[in-house]
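All heavy atoms count here, side chains included; hydrogens, waters and symmetry mates do not.
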Amino acid sequence: MGYQPISNYGIIGNMRTTALVGLNASIDWYCFPKHDSPSVFAALLDDEKGGFFQITSKTEDVTHKQFYWPETNVLVTRFLSKTAVGEVVDFMPVGTDAPKQWLIRQVRSRRCSMRFRMTCYPAFNYGRDEHHTKLVDEGAIFVSDNLNMALVTDVELQQDDRGVTAEFVLEEGESMAFIFRGVDCTEDCNLPISQDHAEKLFEQTVCFWRSWLSQSVYRGLWRGMVERSALVLKLLTYEPTGAIIAAPTTSLPEDIGGERNWDYRYTWLRDAAFTVYALLRLGFTQEAHAFMGWIERRCHEVDGKMLQVIYTIDGSRELSETYLEHLSGYKNSKPVRLGNGAYDQLQLDIYGELMDSVYLFNKYGTQISYDFWQHLRRLLDYVCDNFYLSDDGVWESRGGREHHVYSKLMCWVALDRGLRLAEKRSFPADRDTWISLRDRIYEEIFEKGWNEELESFVQIYGGDTLDAGCLIMPLVFFMAPNDPRMIKTLERVQKPPREGGLTVNSLVYRYNPQTSSDGLEGREGTFNLCTFWLVEALTRAGKTDPEQLDKARLIFEEMLSYSNHLGLYAEEMAVNGVALGNFPQAFTHIALISAAWNLNETLEAHSSNPCSS
């Protein structure tokens, strides 16, 4: 079939797993039954061996349009020709009595008659497990050694060596459903489903998403983009444990043809503070509570061991990295990875992000327990004993450990939030030690993390290379947003890389891989998250400087134009706007929510003088 651009995809899901649906109505990525389970369709990583499930129009000169049913995660792919209009409606049923783990594809003819072709070619276990196909009265069953899946439909199917195909015609107003689901049996499984039942599940799923989204308290500018980001975050949750994955995909490249390909189907502690903040801001307290429960369980499990950077959605600590050598990778970008070798890295920043999330949750959500505090105290003691170490850094460098400014900053955040929390709740704490070390780290960052020649904070102590992580300093209240050193850092970051900066056409690199030794070959794109961090840093500076506020809005609204046709973002972006990296990425959408909230709030405060001279 060839590879579609990463930005051509939409996402559907049920808070257990997700599927990516292309603009050509092909499901090219689907793991079952969980986010991090082996794939059943993976044409995204190998268009020949990966497997796919496509429904397309056979009418000539068809154009495609894709959109979400308003305020839902129900995806519609429409086929438009001169003589007819048809569509495929994709969703996974959700709601109290919804059947679990079904993927439903409703095919409809909207105007005149249209001929369709359906192709379902599963490739179990990332294409490693063979399967055989059995036609039954209700459709087909695909049988492999470890998993059986069924395709339930009233359409007559044709079997071949890869799966099943069908061609059918729908008259105006007619519809046909295809249900893809797991089964335990290998023969007649009592699979029938009526078109009326499929339609009721569609209506129930639409109702669920609209009811869920109605909890959002955001009523400001760019509401549609904020709500779409919230809907994405909800899809990336794993309901049984409360975990939130970084992205639903693995090994989508940061550089086409390069080796910067990672498995993101896991949960990063780093994302914790930002996730809790976004959820609480929007009013999704149930999701924030569930995620905090997941975090608390990880803290209870530490028992003398340091926290990991990454965990599985079930909380497992083992994420050893392996390669799928038989897959060619997206546009021949190898390796295709399973697991993530960064799980055993030392990243001291995670303690700051963890403590900030707990502090915010205790303040705006539910007060934490004494038992939880006891575990947090031990973690803060670990910070006190280890903050002076070099580490692998927030960006998971594979080039060796350094004294990263961002890591030291987050050690400061950990102690600061611990002190605030202890004061707020009158918890017992080693206050004198924490205060002393917090102040020591603060002064050390100014002494060793500031480059006088560049007039900017830098990536590592004594270094001369920038890092976008410094943009977060005013966001975590390390320093005033209009502090002269922060303003100078903002100015330096906004210069292009050839002038020692990180920005091209308002898009921000997290660092310059050409001047920062990260242990990897090749280039990477600008980092969407960091562009939103720049917006928020400028917004906070703009509270006293209208020129900075104007700049923040211009960059933010330009960044919104770089989303795909559905409002979704990958992790990175080439300078020409092409999406790169795993997709869609939770951290990017979290940063969008935060930037939109604070920018809108600041603009409203300046509404009496909306335009600066």
Quiz item: Do the side chain of S436 and the main chain of D432 share a donor and acceptor less than 3.5 angstrom apart?
Solution: no
Quiz item: Which class fits the ring pair W212 and W209: parallel under 30°, tilted 30 to 60°, perpendicular over 60°?
Solution: perpendicular
Exercise. Would you check if the side chain of Q308 reaches a backbone N or O of R317 as a donor-acceptor pair within less than 3.5 Å?
Key: yes
Exercise. Identify whether the distance between the nearest side-chain nitrogen and carboxylate oxygen of R401 and D391 falls below 4.0 Å.
Key: no
Quiz prompt | R297 side chain to G315 backbone, donor-acceptor under 3.5 Å | solution = no
Quiz prompt | Pairing residues for I487 by the side chain to side chain contact (heavy atoms under 4.5 Å, CB included) criterion, not counting sequence neighbours | solution = L490, E491, A541, Q548
Quiz prompt | Donor on one side chain, acceptor on other, E536 and S594, under 3.5 Å | solution = yes
Quiz item: Is T267 reaching over with its side chain to a backbone N or O of I313, donor-acceptor style, under 3.5 angstrom?
Solution: no
Self-check item: Sole candidate of F527, W262, W268 that passes ring-ring contact (aromatic ring centres under 6.0 Å, His included) when paired with W395
Solution: F527
Quiz item: Do you see a donor-acceptor pair shorter than 3.5 Å between the side chains of Y277 and R281?
Solution: yes
Quiz item: Does the side chain of M473 reach to within under 4.5 Å of the side chain of W412, using non-hydrogen atoms?
Solution: no
Quiz item: Step by step, would you call L466 with N512 a side chain to side chain contact (heavy atoms under 4.5 Å, CB included)?
Solution: CA-CA 8 Å; L466 267 61; N512 186 343; over 6 Å; no
Practice problem: May I ask you to test the L376-M355 pair for a side-chain heavy-atom distance under 4.5 Å? | Solution: yes
Quiz item: Just by modelled atom types, is the K495 backbone N or O under 3.5 Å from a matching donor or acceptor in the R498 side chain?
Solution: no
Quiz item: Taking all non-hydrogen atoms of both residues, which atom of W222 and which atom of A596 are closest, and how far apart?
Solution: CZ3-O, 3.9 Å
Quiz item: Is a donor on one side and an acceptor on the other found under 3.5 Å between the side chain of R270 and the backbone of V394?
Solution: yes
Exercise. Answer yes or no: is there a donor N or O on one side and an acceptor on the other, between the side chain of S7 and the main chain of A579, under 3.5 Å?
Key: no
Quiz item: Just wondering, more than 12 heavy atoms not from R420 lying within 6.0 Å of its CZ?
Solution: yes
Practice problem: Sort out for me which residue in I460, D467, I445 forms a side-chain contact (heavy atoms from CB on, under 4.5 Å) with V405. | Solution: I445
Quiz item: Just by distance, do the side chain of Y351 and the backbone of L307 share a donor-acceptor pair under 3.5 Å?
Solution: yes
Quiz item: Under the 6.0 Å and 45° cation-pi test, does R228 pair with Y68?
Solution: yes
Exercise. Please say whether more than 12 non-hydrogen atoms of neighbouring residues, nucleotides or ligands are located less than 6.0 Å from NE2 in H375.
Key: yes
Self-check item: 4.5 Å side-chain heavy-atom contact, Y562 and L507
Solution: yes
Quiz item: Between W294 and Y311, how do the two ring planes meet: parallel, tilted or perpendicular, split at 30° and 60°?
Solution: perpendicular
Self-check item: Shortest non-hydrogen contact from A429 toward A422
Solution: CB-CB, 3.9 Å
Quiz item: For L354 and C299, which heavy atoms make the closest approach, and how far apart are they?
Solution: CD2-SG, 3.8 Å
Quiz item: Minimum heavy-atom separation for F361 to L280, with atom names?
Solution: CA-CD1, 4.0 Å
Practice problem: Flag the pair E524 / E571 as yes when at least one side-chain heavy-atom distance between them is below 4.5 Å, and no otherwise. | Solution: no
Quiz item: Quick check: are there more than 12 heavy atoms from other residues, nucleotides or ligands sitting under 6.0 Å from CD of E453?
Solution: no
Quiz item: Do F477 and R540 come close enough that some side-chain heavy atom pair is under 4.5 Å?
Solution: yes
Quiz item: Under 4.0 Å between a Lys/Arg side-chain N and an Asp/Glu carboxylate O for R523 and D255?
Solution: no
Practice problem: Report yes if the side chains of D464 and V458 come closer than 4.5 Å at any heavy-atom pair, otherwise no. | Solution: no
Self-check item: Charged N-O contact under 4.0 Å between R337 and D263
Solution: no
Quiz item: Relative to the ring of F274, is the ring of W533 parallel (under 30°), tilted (30 to 60°) or perpendicular (over 60°)?
Solution: tilted
Quiz item: Within a radius of less than 6.0 Å around CZ of R440, do more than 12 heavy atoms belonging to other residues, nucleotides or ligands occur?
Solution: no
Exercise. Check L236 against A246 and note the closest heavy-atom contact, atom names and distance.
Key: CD1-O, 4.3 Å
Exercise. Fit a plane to each ring of F478 and F446, take the angle between them on a 0 to 90° scale, and name the class: parallel (under 30°), tilted (30 to 60°) or perpendicular (over 60°).
Key: parallel
Quiz item: If you measure from NE2 on H589 to OG1 on T275, what distance do you get to the nearest 0.5 Å?
Solution: 12.5 Å
Quiz item: Between R510 and E254, is there a salt bridge with N-O shorter than 4.0 Å?
Solution: yes
Practice problem: Using the six-membered ring wherever Trp is involved, compare the ring planes of Y461 and H403 and label them parallel, tilted or perpendicular (cut-offs 30° and 60°). | Solution: parallel
Quiz item: Is any side-chain heavy atom of D439 closer than 4.5 Å to a side-chain heavy atom of I435?
Solution: yes
Exercise. Report yes or no: does T503 contribute a side-chain atom to a donor-acceptor pair with the main-chain N or O of V508 at less than 3.5 Å?
Key: no
Quiz item: Would you call R492 and E455 a salt bridge, using N to O less than 4.0 angstrom?
Solution: no
Practice problem: Please confirm whether W29 and Y9 have ring centers closer than 6.0 angstrom. | Solution: no
Practice problem: Grab the two heavy atoms, one from C470 and one from F457, that are nearest each other, plus how far apart they are. | Solution: SG-CB, 3.5 Å
Quiz item: So do the side chains of L603 and L549 get within less than 4.5 Å of each other, counting heavy atoms only?
Solution: yes
Quiz item: Under 6.0 Å from the CD atom of Q215, do we count more than 12 heavy atoms belonging to anything else shown?
Solution: yes
Quiz prompt | Ring-face cation of R425 near W373 (centre distance under 6.0 Å, axis angle within 45°) | solution = no
Quiz item: Is it true that atom NZ of K331 has more than 12 heavy atoms of other residues, nucleotides or ligands lying nearer than 6.0 Å?
Solution: yes
Quiz item: T602 side chain to K543 main-chain N or O, any donor-acceptor pair under 3.5 Å?
Solution: no
